[in-house]
Protein chains: 2
Amino acid sequence: MQRDTRQRRAIRKAFREAGHPLSPQELLELAQEHVESLGIATVYRNLRSLQEEGWLEAVELPGEPARYEVAGKGHHHHFHCRDCDRVYEVEGCPGNLKDVTPKGFKLERHEFVLYGLCDACAA
Amino acid sequence: MQRDTRQRRAIRKAFREAGHPLSPQELLELAQEHVESLGIATVYRNLRSLQEEGWLEAVELPGEPARYEVAGKGHHHHFHCRDCDRVYEVEGCPGNLKDVTPKGFKLERHEFVLYGLCDACAA
DNA sequence: GTCGTTGCAAAGCGTTTGCAGCCTA
DNA sequence: TAGGCTGCAAACGCTTTGCAACGAC
């Protein structure tokens, strides 16, 4: 059974306050503001268990290490700013997937990533 | 200046014959059929130089190591079979991207990945 | 007190690099 | 023959694991 440790509380808090997907390293730094001694191994272990528990979801972007976000937001995709390197959630979905799927293939899910500049960096 | 070695010839040949994106490890195994002594470091060095030369393009899928395919195929996306783990090219594009892009964000490019079963594995 | 959790250090895994010898042009 | 290329082994960065001490319940 899952225990309520200082470390786990700090990690959950960091996610609640972040508002965008976090990498393990970002998470370590944020959570260390509350638990200085926190180690990276604990971060990875909690990322895994919070994911298994259904509290977190992995955000996997092509060509880079996974980030994580609080689960339960419904279907959405992500926008990756090439300048600040931050990842944003975007609502909606282009649809039209059936037309693109090759004949005989069984489509089960899809990922969709936008790249460019976020509003702050575009200004 | 680029030299025409047995190793490089074997690597190019493997790509021409494969017909789908190759991972470095797959490529090593295929190219070793022609040059037994081929080492993985040489594979990675050639993947990079062939990419810089514009002959190859990286295919980056979320959450896994990059694969590579011969360049110059125009805009397309990929389908990843969860059963045989192979990656297929798919033509076409869902479009409708403007509607999904948040206000103030500047969209420059996008990636799109389909997951499911390929025709062989669905049967 | 039990046993899940933690921090550290070591191990893994895919990729890159240093180096001495090789081979193409 | 010059200098790019190769194979090997060591180094890398990120992630996972083994282990003894810790601490929530």
Side-chain angles (χ1 to χ4, degrees), chain A residues 1-15 21-69 80 85-87, chain B residues 1-15 18 20-69 78 80 85-87 113:
Chain A
M1 202 234 66
Q2 191 94 311
R3 285 178 187 175
D4 185 29
T5 63
R6 291 186 315 134
Q7 290 81 346
R8 195 157 312 176
R9 273 195 299 275
I11 287 171
R12 271 203 264 247
K13 184 170 179 161
F15 274 112
L22 297 176
S23 68
Q25 195 55 45
E26 278 179 293
L27 175 57
L28 175 66
E29 283 154 25
L30 288 172
Q32 276 180 339
E33 290 173 14
H34 298 100
V35 181
E36 219 182 309
S37 68
L38 181 63
I40 189 71
T42 298
V43 166
Y44 279 106
R45 278 188 286 235
N46 277 288
L47 283 174
R48 176 182 296 195
S49 62
L50 288 169
Q51 232 187 130
E52 284 166 357
E53 195 181 304
W55 196 83
L56 276 184
E57 254 167 37
V59 177
E60 314 242 38
L61 300 190
E64 50 193 296
R67 299 164 197 234
Y68 299 84
E69 66 184 4
H80 187 186
D85 200 44
R86 210 173 282 213
V87 171
Chain B
M1 205 231 68
Q2 193 92 312
R3 284 179 189 174
D4 187 29
T5 63
R6 290 185 315 134
Q7 289 83 345
R8 195 157 313 176
R9 273 195 299 276
I11 287 172
R12 271 202 265 247
K13 185 169 177 157
F15 274 112
H20 64 102
L22 297 177
S23 69
Q25 194 55 45
E26 279 178 294
L27 175 58
L28 175 65
E29 283 153 24
L30 289 172
Q32 276 179 338
E33 290 173 14
H34 299 101
V35 181
E36 216 182 312
S37 68
L38 181 63
I40 190 70
T42 298
V43 166
Y44 279 105
R45 278 187 286 236
N46 277 287
L47 283 174
R48 178 182 295 195
S49 63
L50 288 169
Q51 230 186 132
E52 283 167 357
E53 195 182 302
W55 195 84
L56 276 184
E57 254 166 37
V59 177
E60 315 242 40
L61 299 191
E64 49 192 297
R67 297 163 198 234
Y68 300 83
E69 67 185 0
H78 295 92
H80 187 186
D85 200 43
R86 209 173 283 212
V87 171
V113 190

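In the text below, chain A, chain B and the rest are named by the order of the sequence lines, each starting its count at 1. It should be emphasised that the depicted structure is a prediction, and the values quoted were computed from it without experimental measurement.
- Set against C:dT6, D:dC14, D:dG7, the side chain of B:Ser37 has D:dG7 as its closest nucleotide.
- Remark: the A:Arg3 side chain and the C:dC3 base include a donor-acceptor N/O pair separated by less than 3.5 Å.
- Atoms CG (B:Asn46) and P (D:dG4) sit 15 Å apart, rounded to a whole Å.
- For the residue pair B:Gln7 and B:His34, no side-chain donor N or O sits within less than 3.5 Å of a side-chain acceptor on the partner.
- Looking at B:Glu53 and B:Gln2, their side chains do bring a donor and an acceptor atom within 3.5 Å of each other.
- Of the candidates C:dT6, D:dT17, D:dT6, the closest approach to any side-chain atom of A:Arg8 belongs to C:dT6.
- Taking the side chain as every heavy atom from C-beta outward, A:Tyr68 and A:Leu50 never approach each other to under 4.5 Å.
- Atom pair A:Glu29:CD and D:dC14:P shows a separation of 11 Å (rounding to whole Å applied).
- Neither side chain, B:His78 nor B:Glu60, offers a donor N or O lying under 3.5 Å from an acceptor on the other.
- With D:dT6, C:dT6, D:dT17 as the candidates, the nucleotide lying closest to the side chain of A:Thr5 is C:dT6.
- Across all strands, A:Ile40 comes closer than 4.0 Å to no nucleic acid atom at all (heavy-atom distances).
- Protein atom CG of B:Asp4 is 17 Å distant from nucleotide atom C1' of D:dG3, rounded to whole Å.
- For B:Gln7, no side-chain nitrogen or oxygen approaches OP1 or OP2 of C:dC23 to under 4.0 Å.
- One atom, CD of A:Glu53, and another, C1' of C:dT5, lie 14 Å apart when rounded to the nearest Å.
- What separates CZ of A:Arg9 from C1' of C:dT6 is a distance of 14 Å, to the nearest Å.
- Atom CD of B:Glu64 is separated from atom C1' of D:dC14 by 17 Å (rounded to the nearest Å).
- Residue-level contact check: A:Gln2 touches the backbone only, with heavy atoms under 4.0 Å from sugar-phosphate atoms and none from bases.
- The distance between atom CZ of A:Arg67 and atom P of D:dC14, rounded to the nearest whole Å, is 12 Å.
- Comparing B:Arg6 and B:Pro24, the nucleotide of DNA chain C nearest to each residue sits closer to the 5' end for B:Pro24.
- If you take CD of A:Glu26 and P of D:dC14, they are 13 Å apart, rounded to a whole angstrom.
- Across all non-hydrogen atoms, the minimal contact from B:Pro24 to B:Ile40 is O-CD1, 4.2 Å.
- For A:Leu38, taking side-chain heavy atoms from C-beta onward, the closest of the listed nucleotides C:dG7, D:dC25, D:dG7 is C:dG7.
- Here the side chain of B:Arg45 is nearest to one of C:dT24, C:dC8, D:dG7, namely D:dG7.
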